[in-house]
Amino acid sequence: EVQLVESGGGLVQAGGSLRLSCAASGFTFDDYAIGWFRQAPGKEREGVSCISNVDGSTYYTDSVKGRSTISSDNAKNTVYLQMNSLKPEDTAVYYCAASPTVPTWSSWPSDLGYDYWGQGTQVTVSS
């Protein structure tokens, strides 16, 4: 059974940090890219970051670039998203998802390319 389990969300003040984790099981982790997406109330889901376990490439949306770092621990089948200098506009439910396709700069933000999804973790940033 494929599972993606997010953790690490919570309530933090603006300027603070959080590290989100995505623990994967049930598929060959090394063959997949893992993406982080978020959805705020009343807004569409958007791609935040992505890492390919095939070639190590990483991608970030402009709004988090320079404030966030995505990494993968293949021994633990876990991807992390370290988010620093958090802003109220980062408030959303964060989801991780797995894609069997090697991502490109144009493809990674589209949720259509991801086969498996986690249940999400809430991130709330207070001003």
Side-chain angles (χ1 to χ4, degrees):
E1 178 189 7
V2 172
Q3 280 194 315
L4 291 170
V5 180
E6 302 96 337
S7 61
L11 174 63
V12 63
Q13 288 188 330
S17 298
L18 284 174
R19 188 178 79 158
L20 306 183
S21 299
C22 173
S25 61
F27 60 96
T28 306
F29 185 75
D30 293 357
D31 293 342
Y32 277 70
I34 303 296
W36 282 99
F37 292 78
R38 66 186 179 186
Q39 188 165 23
K43 294 189 177 181
E44 292 188 355
R45 185 162 57 190
E46 65 167 341
V48 178
S49 184
C50 178
I51 185 167
S52 170
N53 287 321
V54 175
D55 63 8
S57 56
T58 59
Y59 304 89
Y60 300 91
T61 192
D62 285 346
S63 62
V64 306
K65 202 172 293 183
R67 302 189 291 123
S68 299
T69 303
I70 192 168
S71 61
S72 184
D73 185 337
N74 290 53
K76 296 183 178 180
N77 283 9
T78 299
V79 168
Y80 303 97
L81 182 66
Q82 176 70 42
M83 302 184 69
N84 302 319
S85 302
L86 284 161
K87 305 175 181 180
E89 51 263 43
D90 294 317
T91 296
V93 177
Y94 284 70
Y95 302 89
C96 64
S99 170
T101 306
V102 176
T104 65
W105 70 268
S106 61
S107 70
W108 79 266
S110 171
D111 55 10
L112 296 178
Y114 295 80
D115 292 347
Y116 310 121
W117 291 82
Q119 82 289 348
T121 186
Q122 177 71 47
V123 171
T124 303
V125 184
S126 64
S127 57

Do Pro100 and Asp115 touch side chain to side chain, with heavy atoms closer than 4.5 Å?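 Yes - at least one pair of side-chain heavy atoms lies under 4.5 Å apart.
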
Any side-chain heavy-atom pair from Arg38 and Glu46 closer than 4.5 angstrom?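 With C-beta onward as the side chain, the pair touches.
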
Within the distance-only criterion (no hydrogens, no angle test), does the side chain of [X] pair as donor or acceptor with the backbone N or O of [Y] below 3.5 angstrom?
{"X": "Glu6", "Y": "Gln119", "value": "yes"}
{"X": "Ser52", "Y": "Asp55", "value": "yes"}
{"X": "Tyr114", "Y": "Trp108", "value": "yes"}
{"X": "Ser49", "Y": "Tyr59", "value": "yes"}
{"X": "Tyr95", "Y": "Gln39", "value": "no"}
{"X": "Gln13", "Y": "Ser126", "value": "no"}
{"X": "Asn53", "Y": "Tyr32", "value": "yes"}
{"X": "Thr91", "Y": "Pro88", "value": "yes"}

Do Met83 and Val12 share a hydrophobic cluster, counting only Ile, Leu, Val, Met, Phe, Trp and Tyr and linking them when any side-chain heavy atoms are less than 4.5 Å apart?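 Cluster IDs for Met83 and Val12 match.
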
Transitively linked via ILVMFWY side-chain contacts under 4.5 Å: Val64 with Tyr80?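 Different hydrophobic clusters.
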
Supply the atom-to-atom distance [X] [atom1] to [Y] [atom2], rounded to the nearest 0.5 angstrom.
{"X": "Leu81", "Y": "Thr121", "atom1": "CG", "atom2": "OG1", "value": "11.5 Å"}
{"X": "Ile70", "Y": "Ser57", "atom1": "CD1", "atom2": "OG", "value": "10.0 Å"}
{"X": "Trp117", "Y": "Cys22", "atom1": "CH2", "atom2": "SG", "value": "10.5 Å"}
{"X": "Trp36", "Y": "Thr61", "atom1": "CH2", "atom2": "OG1", "value": "15.5 Å"}
{"X": "Phe37", "Y": "Ser110", "atom1": "CZ", "atom2": "OG", "value": "7.0 Å"}
{"X": "Leu86", "Y": "Ser68", "atom1": "CG", "atom2": "OG", "value": "7.0 Å"}

Quick one: do the Asn74 and Ser72 side chains pair a donor with an acceptor below 3.5 Å?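 Short answer, yes.
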
Closest approach of [X] and [Y], non-hydrogen atoms and distance?
{"X": "Asp90", "Y": "Tyr94", "value": "O-OH, 2.6 Å"}
{"X": "Ala40", "Y": "Ala92", "value": "N-CB, 3.8 Å"}
{"X": "Val125", "Y": "Lys87", "value": "CB-O, 3.3 Å"}
{"X": "Leu4", "Y": "Ala97", "value": "CD1-CA, 3.7 Å"}
{"X": "Phe27", "Y": "Ala98", "value": "CZ-CB, 3.8 Å"}

Where do Phe29 and Ile34 land on the side-chain contact (heavy atoms from CB on, under 4.5 Å) test, with the steps shown first? CA-CA 9 Å; Phe29 185 75; Ile34 303 296; 4.0 Å; yes

Is it true that Asp62 and Lys65 make a salt bridge, defined as a side-chain N closer than 4.0 Å to a carboxylate O?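 Judged by the 4.0 Å cut-off on N to carboxylate O distance, Asp62 and Lys65 do form a salt bridge.
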
